[in-house]
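Below: one structure, written as structure tokens.
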Amino acid sequence: MSQKTEPVRSVKGVRDLLPKEMQLWQRVEEATRAVFSTYNFQEIRTPVLEYTSLFARSVGPDTDIVSKEMFTFEDSDRESLTLRPEATASVIRAYIEHSLYNEGGIHKLFYMGPMFRRERPQKGRFRQFYQIGAEVLGSMEPGTDAEVLEILHVLITERLGIREVNLLLNSVGCSECRPRYVAALRQALEGVKQNLCVDCQRRAESNPLRVLDCKVEADQPLIGKLPRILDYLCEACRLHLDEVKKGLNQRKINYEITPRLVRGLDYYVRTTFEMTSGTLGAQNALAGGGRYDGLVELLGGPRTPGIGFAIGEDRLVLAHQSAATQEAGANLIYIAWLEDNSLAAASDLARELRQSNQRVELVYSPMKMKKSLATANRLNARFAVIIGPDEIETGRYQVKDMASGQQEPVDRTGIGVYLQSRTG
RNA sequence: GUGAGCGUAGCUCAGCUGGUAGAGCGCCAGACUGUGGAUCUGGACGUCGCGGGUUCGAAUCCCGUCGCUCACCCCA
């Protein structure tokens with residue numbers, strides 16, 4: 001009889017952002033643009049689709065992102081394409097491809113948009129997620145690092161009022177000093193690794209730095225005794241870190257030096273950081289980033305220092321949610337018409353009000369007064385304009401303030417001004 | 001990739017040890033024929049995720065499967 005067809009549905013780990021939640025997203029994005037603008041950052045948009053080799057070369061072939069989390073497929077001309085898992089590589093690619101370095105000076109760029117990683121979804125983690133990011137190209141000054149961190153701080157804690165925020169700071173050294181540290185770490189692990197969890201035993205071989213990131217309680221005492229990268233930094237890296245710390249102190253931005261902070265992308269050098277919030281659940285990283293002085297060169301451009309960060313917008317919205325409420329129909333004007341012959345007058349008025357940028361709702365189905373006002377109420381309208389035979393005849397429409405219930409007749413010709421002055 | 005929990009009305013959920021489906025909210029209508037948010041009355045809406053098994057009988061028990069959620073992992 002009624003054989004129901006299987007309804008279509010969305011792909012695992014991706015989701016629709018419905019109008020109700022989009023308000024929050026819009027507010028977050030507006031604040032973001034405003035902040036970036038004050039620091040004279042300019043927006044850049046790069047494609048979602050890139051050649052796979054871009055990420056293999058920049059992010060690193062042995063990272064989790066590249067080795068198991070990318071949406072990669074072969075195009076019909078046999079080219080391997082990938083849905084971007086992050087945007088720094090793309091921004092650098094664009095910087096090189098369009099020879100922006102020839103313009104001279106420092107490039108300060110920001111972007112926002114969807115990224116894709118094929119992970120198992122959970123709270124704050126999706127397969128299509130959104131990042132807001134910034135990249136500064138052409139400055140190796142520690143003052144730049146401090147300003148980049150200042151932007152994060154201003155946006156997240158000051159502008160968006162997110163609570164329980166921690167800024168974790170570390171230096172992962174450079175190509176000169178990091179290998180020395182990794183060697184020392186490997187050696188130290190040889191002695192103790194049989195007492196660590198199975199994951200750590202594996203990491204000790206494949207990626208010793210990852211051991212530092214282990215969260216297993218029983219492993220902590222042993223990990224605490226491992227060599228610290230800060231003790232192995234070369235002179236230049238140590239000075240750089242000191243200057244960044246000074247910059248943060250001067251700005252009165254709280255941070256925590258975290259020698260165990262390791263980033264999941266291979267291109268980072270020197271300054272690395274992460275911002276977490278206790279309001280988020282297990283996936284508590286709100287933003288992360290660092291310096292990547294060798295990346296532009298690695299991707300075929302001129303030697304150019306860089307630093308940047310990426311904020312997880314989904315998580316930012318999640319954390320922002322607590323403090324946010326906004327009525328749907330702010331300043332909405334609802335037009336309640338009563339008889340067929342008043343519809344024309346209603347739609348004329350609607351068009352006129354809209355021309356002066358007022359938000360107007362006009363429903364075309366005929367309704368009784370009672371239902372019409374109930375609709376206005378549900379839409380959370382600020383005013384209802386009542387137009388019926390009496391109003392048409394007198395040329396004065398009833399304007400009702402929905403909050404107070406008060407209403408008064410207003411001259412047809414003066415309605416625009418009347419409403420304008422009351423809805424701001 | 002691994003583990004745990006959960007899939008019943010638009011939403012939130014109840015339904016004990018098997019007897020064939022309920023509440024609240026929401027929605028629609030009326031009480032109130034040109035005045036909303038309160039109240040009352042009535043109404044519509046369910047392949048009980050899907051498939052199979054056990055049984056006279058399954059939302060309930062068993063197996064499988066799909067989906068969602070959270071956690072591990074990893075990261076933003």
Side-chain angles (χ1 to χ4, degrees), chain A residues 1-7 9-13 15 20 59 63-69 84-88 112-133 152 156 197-200 202-203 207 210 213-216 261-265 272-277 280-290 308-319 334 336-339 342 367-392 397-407:
Chain A
M1 308 236 276
S2 72
Q3 204 172 17
K4 226 174 186 174
T5 22
E6 188 82 357
R9 53 163 198 260
S10 59
V11 171
K12 184 191 194 75
R15 67 214 210 281
K20 216 167 135 191
V59 177
T63 58
D64 279 10
I65 292 176
V66 172
S67 66
K68 50 191 194 202
E69 294 174 0
R84 65 179 181 194
E86 60 113 37
T88 299
M112 31 210 241
M115 310 294 157
F116 304 84
R117 263 125 94 159
R118 202 181 179 293
E119 297 184 275
R120 193 80 175 266
Q122 72 184 72
K123 184 174 185 183
R125 189 168 79 181
F126 310 96
R127 289 185 172 187
Q128 174 174 337
F129 61 102
Y130 295 79
Q131 285 190 339
I132 295 169
L152 262 184
I156 290 178
C197 68
V198 287
D199 284 333
C200 282
R202 178 175 45 78
R203 294 183 192 120
N207 193 349
R210 283 262 152 245
D213 208 24
C214 176
K215 282 154 196 146
V216 175
L261 177 68
V262 202
R263 313 250 71 247
L265 295 80
T272 58
F273 51 86
E274 190 167 298
M275 206 169 240
T276 62
S277 171
L280 284 173
Q283 304 301 311
N284 66 352
L286 202 52
F309 63 73
I311 303 172
E313 190 176 355
D314 311 72
R315 294 177 187 179
L316 195 59
V317 169
L318 199 64
Y334 178 90
W337 55 279
L338 296 174
E339 309 281 335
S342 49
M367 283 187 271
K368 294 178 189 166
M369 173 74 100
K370 182 178 152 55
K371 186 175 176 189
S372 202
L373 285 179
T375 302
N377 194 50
R378 182 170 42 196
L379 292 171
N380 202 15
R382 174 88 194 281
F383 288 100
V385 179
I386 297 163
I387 307 177
D390 298 351
E391 285 74 18
I392 303 243
Y397 297 174
Q398 293 289 337
V399 177
K400 183 180 178 91
D401 182 318
M402 293 299 288
S404 68
Q406 302 292 314
Q407 72 180 47

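No experiment lies behind these values; they were computed from the predicted model shown. By convention in this document, chain letters (A, B, ...) are assigned in the order of the sequence lines, proteins followed by strands, and residues within each chain are numbered from 1. The analysis underlying the following values was restricted to heavy atoms, covering all of them including side chains, and did not include hydrogens, waters or symmetry mates.
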For a 4.5 angstrom cut-off between non-hydrogen side-chain atoms, does Arg125(A) reach Arg315(A)?
yes
What distance, rounded to whole Å, do you find between the two C1' atoms, one in rA59(B) and one in rG51(B)?
16 Å
Which whole-number value in Å describes the distance from Arg378(A) CZ to rG10(B) C1'?
13 Å
Provide the Watson-Crick or G-U wobble partner of rU33(B), both distances under 3.5 Å; none if there is no partner.
none
Ile386(A) side chain, from C-beta outward: closest of rC74(B), rC73(B), rG34(B):
rG34(B)
When you check the phosphate oxygens OP1 and OP2 of rC70(B), does a side-chain N or O of Gln122(A) lie under 4.0 Å from one of them?
no
Output yes when at least one side-chain N/O atom of Lys370(A) is less than 4.0 Å from OP1 or OP2 of rG34(B), else no.
no
If I pick the C1' atom on rC63(B) and the same atom on rA23(B), what distance separates them, to the nearest angstrom?
33 Å
Roughly, in whole Å, what's the span from CE in Met115(A) to C1' in rC74(B)?
18 Å
Check the distance between rC75(B)'s P and Arg117(A)'s CZ and give it to me in whole angstrom.
8 Å
Mind checking the P distance from rG10(B) to rC27(B)? Whole angstroms is fine.
15 Å
Can you check the Leu261(A) CG to rA76(B) C1' distance for me, whole Å?
13 Å
Contact class for Gly124(A) vs. all strands (heavy atom < 4.0 Å): base, sugar-phosphate, or nothing?
base
Compare side-chain N and O positions of Arg125(A) against OP1 and OP2 of rA71(B) and report whether any pair is under 4.0 Å apart.
no
Closest nucleotide of RNA chain B for Leu373(A) versus for Met275(A): which of these residues is on the 5' side?
Leu373(A)
If I pick the P atom on rA14(B) and the same atom on rG57(B), what distance separates them, to the nearest angstrom?
29 Å
Taking the nucleotide of RNA chain B with the nearest heavy atom to each, does Arg315(A) or Lys400(A) sit closer to the 5' end?
Lys400(A)
Distance-only donor-acceptor test, Arg120(A) side-chain atoms vs rC72(B) base atoms, 3.5 Å:
no
Distance in Å, Met115(A) CE paired with Phe126(A) CZ, rounded so as to fall on 0.5 Å steps
15.5 Å
Please evaluate residues Ile65(A) and Glu86(A) with respect to the criterion side-chain contact (heavy atoms from CB on, under 4.5 Å), reporting the C-alpha separation (whole Å), side-chain torsions for both, the decisive distance (0.1 Å), and the verdict.
CA-CA 9 Å; Ile65(A) 292 176; Glu86(A) 60 113 37; 5.7 Å; no
Quick check: any donor-acceptor pair below 3.5 Å linking the side-chain of Gln398(A) to the base of rU35(B)?
no
Looking at CZ of Arg117(A) and CZ of Arg127(A), how far apart are the two atoms once the value is rounded to the nearest 0.5 Å?
13.5 Å
Candidate nucleotides rC27(B), rA76(B), rU35(B), ranked by approach to the side chain of Gln407(A) - the nearest
rU35(B)
Between rC28(B) and Lys368(A), is there an OP1 or OP2 to side-chain N/O distance shorter than 4.0 Å?
no
Counterpart base for rU55(B), defined by Watson-Crick or G-U wobble contacts under 3.5 Å
none
Which part of the nucleic acid does Gly133(A) contact within heavy-atom distance under 4.0 Å: base, sugar-phosphate only, or nothing?
nothing
Pair Asp390(A)-Gln398(A), side-chain contact (heavy atoms from CB on, under 4.5 Å): steps then yes or no
CA-CA 10 Å; Asp390(A) 298 351; Gln398(A) 293 289 337; over 6 Å; no
Considering every strand and a 4.0 Å limit on heavy-atom distances, what is the contact class for Ile311(A): base, sugar-phosphate, or nothing?
nothing
In whole angstrom, give me the gap between the C1' atoms of rC25(B) and rG64(B).
36 Å
Looking at the side chain of Asn377(A), which of rA76(B), rG37(B), rU35(B) is the nearest nucleotide?
rG37(B)
Candidates rC68(B), rC74(B), rG1(B) - which lies nearest the side chain of Arg118(A)
rG1(B)
How many whole angstroms separate atom CD of Glu391(A) from atom C1' of rU35(B)?
11 Å
rG24(B) to rG43(B) separation - P atoms, rounded to the nearest Å:
13 Å
With a 4.0 Å cut-off on heavy atoms, is Ala287(A) in touch with a base, just the backbone sugar-phosphate, or nothing at all?
sugar-phosphate
Write down the distance between CZ (Phe116(A)) and C1' (rC75(B)), rounded to a whole number of angstrom.
17 Å
Answer whether the closest heavy-atom distance between the side chains of Ser372(A) and Tyr334(A) falls below 4.5 Å.
yes
Could you check which nucleotide pairs with rG24(B) in any of the strands shown, counting Watson-Crick or G-U wobble with both distances under 3.5 Å?
rC11(B)
Between atom CG in Asp64(A) and atom P in rC74(B), what is the gap in whole Å?
7 Å
Within the modelled atom types, does a donor on one side and an acceptor on the other bring the side chain of Glu119(A) and the base of rG1(B) under 3.5 Å apart?
no
Please determine whether any donor N or O and acceptor N or O are separated by less than 3.5 Å between the side chain of Arg9(A) and the base of rC66(B).
no
Given that both distances must come in under 3.5 Å, which nucleotide forms a Watson-Crick or G-U wobble pair with rG5(B)?
rC68(B)
May I ask you to verify whether the side chain of Gln283(A) and the base of rA71(B) hold a donor-acceptor pair under 3.5 Å?
no
Are Leu318(A) and Gln283(A) side-chain neighbours, meaning at least one heavy-atom pair lies under 4.5 Å?
no
Do Asp314(A) side-chain atoms and Gly124(A) backbone N/O form a donor-acceptor pair below 3.5 Å?
no
Could you identify the nucleotide paired to rC16(B), looking across every strand shown and requiring Watson-Crick or G-U wobble geometry with both distances under 3.5 Å?
none
Whole-Å C1' distance, rA4(B) and rC75(B)
22 Å
Out of rC72(B), rC70(B), rC27(B), whichever nucleotide has its closest atom nearest the side chain of Ala282(A):
rC72(B)
Out of curiosity, Lys400(A) NZ to Phe383(A) CZ, how far, rounded to the nearest 0.5 Å?
12.0 Å
C1' atom, rA44(B) versus rC28(B): distance in rounded Å?
7 Å
d(CG, Asp401(A); P, rU35(B)) in whole Å:
19 Å
Measuring to OP1 and OP2 of rC73(B), would you say a side-chain N or O of Lys68(A) lies under 4.0 angstrom away?
no
